Novice: 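Can you keep this structure in mind? I'll have questions shortly.
From a predicted model like this one, the values you see are computed outputs, not experimental measurements. For the numbers below, each heavy atom of this structure counts, side chains included, while hydrogens, waters and symmetry mates do not.
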Protein chains: 2
Amino acid sequence: MSTFVRGNKDLIKAINRNLILNTVRRHGALSRTQLTEISRLSVGAVSQITQELIKDAWLLEVGEGDYTGGRRQTLLRLNPDAGCAIGLKLMEHRIVCALTDLEAKVLRYQDLPMPVDHDPMVIVTALTEAVETTVNASGVDRRKLLGVGVGVAGVTYPQTGIVHYSPYLGWHDLPLAELMRVRLHLPVYIENDVNTLTLSEQLFGAGRHIENFVVVTIGRGIGMGMVINHQLYQGAKGGMGELGHITFDAAGPMCSCGKHGCLEAFAADPAVIAYVRHSRSAEDAPRTLEDVISLAQAGDALAKAALRRSGEILGIGLSTIVNLLCPSLIIVSGEGVVAGEFRIAPMMDALRAHTFNGLLDDVQVIVEATDDHAWARGSASLVMGKLFESPLIEAGIAV
Amino acid sequence: MSTFVRGNKDLIKAINRNLILNTVRRHGALSRTQLTEISRLSVGAVSQITQELIKDAWLLEVGEGDYTGGRRQTLLRLNPDAGCAIGLKLMEHRIVCALTDLEAKVLRYQDLPMPVDHDPMVIVTALTEAVETTVNASGVDRRKLLGVGVGVAGVTYPQTGIVHYSPYLGWHDLPLAELMRVRLHLPVYIENDVNTLTLSEQLFGAGRHIENFVVVTIGRGIGMGMVINHQLYQGAKGGMGELGHITFDAAGPMCSCGKHGCLEAFAADPAVIAYVRHSRSAEDAPRTLEDVISLAQAGDALAKAALRRSGEILGIGLSTIVNLLCPSLIIVSGEGVVAGEFRIAPMMDALRAHTFNGLLDDVQVIVEATDDHAWARGSASLVMGKLFESPLIEAGIAV
DNA sequence: TTAGCTTATTTCATTGAGTGAAAAAAGATT
DNA sequence: AATCTTTTTTCACTCAATGAAATAAGCTAA
């Protein structure tokens, strides 16, 4: 059930305060005069709002602008010390934890083994300890910590903070955010891991200013996150973005999900490895994607073919996204975007070959690998996302 | 480049006026007290805004509510005579024109042959004449006509009113809206035809109140429209929704679009007809989808197989939508949703079989045939869409 | 018929956010 | 030190929402 936007003075104030904050954040450093021009607010409003934001320590006066004939402009920028955030990424065998500033710059990074006991309480304890030790080691005043973001593979309900299903950890409907919140006494936000990456691209990456874009992750699985009309898209009940499980060939082999012929079963990293392994003796069979790439680089035809085939099928998957959504930007990332010439080039060729008419002309494609830092920064972005979110979203934009 | 929302008194006023108007529109008839509860505005604000809307003839006082112990509530409803709209649908061989009231009820309907000469000026003349004759025949005061909506197959740029590409008419970058506007002296809105249908579902159909839904049309081609976060989605430069041209089988035959193995080439109406024709003598070969259905109903195995195969492939296409977007509603419509048991039932089975895990549990699927009236009402909805659109959208929601 | 009761709707003083002109501040040049 | 230009703040004004109080409207029961 959607609430509708109702207008009153408080909403105006919240909108304009948010407008100023985000304008400064995006431009780096601006004077009040520049803010007046960009925001189209009156000089009086800008003066008052900046005054309040400086008082509340969100903005800092930093130096002066160039001389243009009269009084110099006082430049304002976001106070990076206004607060910090923790980003946690739950991997299969590890917990990755980063403390970042408001621009998602990593101040402190830590990497812990995931407890073998997947009992929620054991892991919650490990997570809260990871937060505390990271903050302590950083030397940052704990009171500056504004919140904790957690990225989890699987299906999450961000509004309620519940992990609906986690394939690695075997959880079902675990109220992870609440369990952590009562221990940490901090806001805790949960999201699907690909969505955290998408959010960080929107706030700090290539997705800034972009109305519609898609992030595709390639690795053990194939995931997808979307920003549509400047908003992170959450499908019905948090389900969506199962790019890895669209049907590529209905007659194909069974996927780990139980369906037949999923894209993932043909094109994700395990499929590439399996393709090579099955045609080799046990000794020199590759065990990881890196092994396959090494083989390919050494000229191994089978490894090359495996990577090329994976790329081609990934390209068809991307073409489906373009044909259906035609976003203005696609960011291809994840641990699997490493074998450029062997895997990514065929992917791009297939994307072009399978996209309707001139649809691709308006789509920019960026390929960028992802490391652990990126995932942790993504999780931390959940906190900044809330912080800088338009009050219209909180009010529930309904048209 | 996105503009940002800036708050001021005018915006508040516009938001709340729109809020009241839409609340009344959606509920049919409401008292001021009920409006206060639903909109969460103060009694004073509701009183003033309704007064203005009544003065401007947007709202009507109609009768009284039930007795609940004190003064009876005065019920308000949208004034259906506040204005009317024209919807034009450009078909391959016909022009369909409907005059509707604000609730998209058809007041007058007309059906003209499309000129064989596809010269833009010839067709623009035919279109403007269709508008004038329909309005005249209806007896409605022309001053009540608020605008004209035009639905076109192909790629359109609604913001500029340009038809970028029309496959049936062979147009390229024709400023159709402007050409019609100067002749009619009325606002003219252009949209892709599937999007008009999607908009009318959002305003008047099963998509009311639904945050995210998709409309799929099956017929000569296979199209798709989306409402995401309560907004009609327009991909980069108006391109999107090419469900018919996602790759179903890369090794498949060439599609009319020049690519290989498009969904449309396997599952749209022409593919069904071709499937049966190729295995029959010229005499008793079916020429239309209706012919195929008749054969199937008579027990013809080949016709049944053709329809079933089409349905299965359509179902895989729908599963792709669910896997990627997981909208809370999918409306399957178009002229092709006629052969229920033979085509639609297999479609639903395939949809279930190819959807990830429990993703479909949260998705409602509605199948409803579309006739010429529906297309014309869709086009007219463009006018009402503008009329009832949130001022936040006009302001350009950017977050 | 009318007083009394309840609920609906309007009125009105108040609040506060943006607006924009005018004042003040700040720095450079002469 | 006076002057010029530009930046920033101040301040009187406007107008929309708010919410309490006043008014309106209808039903019931004496």
Novice: Do B:Asp81 and B:Asp101 make a side-chain contact, defined as non-hydrogen atoms from C-beta onward lying under 4.5 Å apart?
Specialist: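 No, side chains not in contact.
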
Novice: Check whether the side chain of A:Arg71 and the base of D:dT7 form a donor-acceptor pair under 3.5 Å.
Specialist: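 Between D:dT7 and A:Arg71, which were checked side chain against base, a qualifying N/O pair under 3.5 Å is present.
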
Novice: For A:Lys9 and B:Gly69, find the nucleotide of DNA chain D closest to each by heavy atoms; which residue's nucleotide sits nearer the 5' end?
Specialist: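 Comparing both residues, the 5'-ward one is A:Lys9.
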
Novice: Measure from the side chain of B:Tyr67, starting at C-beta and using heavy atoms only, and say which of C:dT9, D:dG26, D:dA17 lies closest.
Specialist: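 The answer is D:dG26, which lies nearest to the side chain.
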
Novice: State, with a plain yes or no, whether a side-chain heavy atom of A:Gln202 is found less than 4.5 Å away from one of A:Gln231.
Specialist: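 No, their side chains stay 4.5 Å or more apart.
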
Novice: Figure out the CD/P separation between A:Glu64 and D:dT6, and round it to whole Å.
Specialist: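 That distance rounds to 16 Å.
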
Novice: Hey, are the side chains of B:Leu382 and B:Thr196 touching, using non-hydrogen atoms and a 4.5 Å cut-off?
Specialist: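 They are in side-chain contact.
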
Novice: For the pair made of CG in A:Leu19 and C1' in C:dG18, what is the distance, rounded to whole Å?
Specialist: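 My rounded result for the distance is 13 Å.
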
Novice: Provide, to the nearest angstrom, the distance between the CD1 atom belonging to A:Ile15 and the P atom belonging to C:dG16.
Specialist: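 Checked: the CD1 to P distance equals 18 Å.
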
Novice: Do B:Arg32 and C:dA8 have a side chain to base donor-acceptor pair shorter than 3.5 Å?
Specialist: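 Answer is no: no donor-acceptor pair is held.
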
Novice: Examine C:dT19: is either OP1 or OP2 under 4.0 Å from a nitrogen or oxygen in the side chain of B:Arg6? Give yes or no.
Specialist: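 B:Arg6 to C:dT19 OP1/OP2: side-chain N or O found under 4.0 Å.
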
Novice: Under 4.0 angstrom, heavy atoms only, what part of the nucleic acid is A:Gln48 near: base, sugar-phosphate, or nothing?
Specialist: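 No contact.
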
Novice: Using a heavy-atom cut-off of 4.0 Å across all strands, would you classify A:Lys13 as base, sugar-phosphate, or nothing?
Specialist: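 Sugar-phosphate, backbone atoms only, no base.
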
Novice: C:dA8 C1' sits how many Å from B:Asp66 CG, rounded?
Specialist: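 Computing the B:Asp66:CG to C:dA8:C1' distance gives 14 Å.
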
Novice: Does OP1 or OP2 of C:dT19 have a side-chain N or O of B:Asn8 closer than 4.0 Å?
Specialist: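 Affirmative; the distance criterion is met.
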
Novice: For A:Asn16, answer base if it contacts any base atom (sugar-phosphate contacts may also be present), sugar-phosphate if it contacts only those atoms, and nothing otherwise; contact means non-hydrogen atoms under 4.0 Å.
Specialist: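 Here A:Asn16 touches the backbone only, sparing every base.
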
Novice: Indicate yes or no for a side-chain donor-acceptor contact from B:Asn8 to the backbone of B:Asp10 under 3.5 Å, with no hydrogens or angles considered.
Specialist: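 Yes; at least one donor-acceptor contact below 3.5 Å.
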
Novice: Of the residues in residues 36-47 of chain A, which ones touch DNA chain C at a heavy-atom distance under 4.0 Å?
Specialist: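 Result for residues 36-47 of chain A: A:Leu41, A:Ser42, A:Val43, A:Gly44, A:Ala45, sorted by number.
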
Novice: Could you check how far CD of B:Gln73 sits from C1' of D:dA25, rounded to whole Å?
Specialist: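 That distance rounds to 13 Å.
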
Novice: Between A:Gln51 (CD) and D:dT7 (C1'), how many Å, whole number?
Specialist: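 Rounded to whole Å, this separation is 15 Å.
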
Novice: Are more than 12 heavy atoms, taken from residues, nucleotides or ligands other than A:Glu103, located less than 6.0 Å from that residue's CD atom?
Specialist: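 Yes, CD of A:Glu103 has more than 12 neighbouring heavy atoms, counting only those of other groups under 6.0 Å.
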
Novice: Taking A:Arg25 for its side chain and A:Leu203 for its backbone only, find out whether a donor-acceptor pair lies under 3.5 Å.
Specialist: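 At least one qualifying donor-acceptor pair exists.
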
Novice: Is the phosphate of D:dT7, meaning OP1 or OP2, less than 4.0 Å from a side-chain N or O of A:Ser31?
Specialist: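 Looking at the OP1 and OP2 atoms of D:dT7, neither is under 4.0 Å from any side-chain N or O of A:Ser31.
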
Novice: At less than 4.0 Å, is any side-chain N or O atom of B:Thr33 found next to OP1 or OP2 of C:dT7? Yes or no.
Specialist: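 No, outside the criterion.
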
Novice: Does B:Tyr67 have B:Arg72 sitting over its ring (NZ/CZ under 6.0 Å from centre, angle to axis within 45°)?
Specialist: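 Negative - B:Arg72 is either too far from the ring of B:Tyr67 or too far off its axis.
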
Novice: Provide, to the nearest angstrom, the distance between the CD atom belonging to B:Glu61 and the C1' atom belonging to C:dA8.
Specialist: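 Atom-to-atom, B:Glu61 to C:dA8, this comes out as 12 Å.
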
Novice: Between B:Arg72 and C:dT7, is there a contact of a side-chain N or O with OP1 or OP2 at under 4.0 Å?
Specialist: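 The answer is no; no side-chain N or O of B:Arg72 sits under 4.0 Å from OP1 or OP2.
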
Novice: Which whole-number value in Å describes the distance from B:Ile49 CD1 to C:dT11 C1'?
Specialist: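 Spelled out: CD1 on B:Ile49 to C1' on C:dT11 is 16 Å.
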
Novice: So do the side chains of A:Ile54 and A:Leu60 get within less than 4.5 Å of each other, counting heavy atoms only?
Specialist: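 No, too far: nothing below the 4.5 Å cut-off.
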
